[in-house]
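Just so you know, ligand 1 is whichever comes first in the structure, and atom 1 is the first atom listed for that ligand.
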Amino acid sequence: MCYFCSTIQSANVMNYDINIKGRSRVVVGSVGEWLPRLLPDKRIVVVSDTNIDRHYHSLIEPYDHVLIGLGEASKTLHTLDVIYRRFIELGVDRSCFVLAVGGGIVTDVTGFAASTFMRGVEFGFVSTSLLGQVDASVGGKNGVNIDGYKNMVGTFNQPRFVICDVMLLRTLTQREFRTGLAEIIKAAVIADKELFEMLEQTDFSTLQSDAERLSELLYRAISVKASIVERDECEAGDRRLLNLGHTLAHAIEKSSTKMNHGEAVAVGLHLIANVAVAKGLLSAEDAKRIDSLLERAGFILEPPVEMRTLLKAVKRDKKAEGDAIYIVFPREIGHCEVEKMPVEEFKALFKEV
Ligand code: GLY
């Protein structure tokens, strides 16, 4: 487990406190308790969205704020322009602190806006979706999309803190909640066999309201990411492990609107585990356990489009040189390895399955 983490007991539910690079504190605990402790003594400006404002107005209302639009369609240069202009109107400068309250879109865009406004204003997050808490808001990647190119413009810059309060997840729809479960399962397959076993013992039908269990699972999954980011903040090596299942997931998201990110990641995990079996890298038994867990968590493992269409959407990796792609293969539950290969070689693997 993550050796730079400590735990703090508060009220009935355990609080968890994880430190990344000595620069970013990720807390699993009550926002009411932690926000006043973590906010610096500076003027606070909030960025959020209309949905969060509806559910958690009291978190936003005390501060000057900017509300952005909903969904991936808002992760654009245009939204940045709106934020910068509002910051200028509000007289934001480097002595201020920018607080994002929202899911992965809000935290990605705000992290980039704060990192670039006046060459950098300090920022922190209250992460309000399971997907954001377990992945997007943690680790210092931020940015926006350019047309169909995801996260094409952005920075690596750690938020001063990320607060992950599981009580905020109660207003998510079942589907929104489940999308985050895929990233928890992904983290377990990458590096935490014990977490995988805990997930196998978890009752997913009650998890959204089981604060104790959810906090523990979340803490372990965040710890997997934290320890990887600790070793490789700017994705020159091990951080690629976090892309397990994502090459195919991104292809699914590009070729169909039927699945959200987590649903596509679940299919990506299923497909890559089965290719790993065909390549002799993973035991059939481990692949079966991964499939069963994904299915028990409520995911459909069948791709929403034909494999041929899906593979057409697999593009070279923007982070790899030449016509190559970095693929993460599970070797056993809790251990994965990255392999760089030509795109065509990757596609050919699926003909053998
Ligand atoms: N979402 C993958 C990463 O943060 O590296």
Notebook entry, point to check: Side chains of Asn142 and Thr107: do they bring a donor and an acceptor to under 3.5 Å?
Noted result: no
Next item on the list: Identify, for atom 5 (O) of ligand 1, the protein heavy atom at the shortest distance, and state residue, atom and that distance.
Entry: Arg239 NE, 2.7 Å
Next item on the list: Might you work through the salt bridge (charged side-chain N to carboxylate O under 4.0 Å, His left out) test for Lys258 and Glu263, ending with a clear yes or no?
Entry: CA-CA 9 Å; Lys258 283 197 190 127; Glu263 289 161 350; over 6 Å; no
Margin query: Please confirm whether the ring centroid of Phe97 lies under 6.0 Å from the ring centroid of Tyr63.
Written below: no
Check: Nearest non-hydrogen atom to atom 1 (N) of ligand 1 belongs to which of Asp135, Asp238, Leu131, Val229?
Finding: Asp135
Check: Taking N or O atoms only and a 3.5 Å limit, does Asn243 qualify as a polar contact for ligand 1?
Finding: no
Next item on the list: Measure the distances from the heavy atoms of Lys225 to every atom of ligand 1 and state whether one is below 4.0 angstrom.
Entry: yes
Checklist line | Distance-minimising heavy-atom pair for Arg239 and Glu235 | finding: CB-CA, 3.7 Å
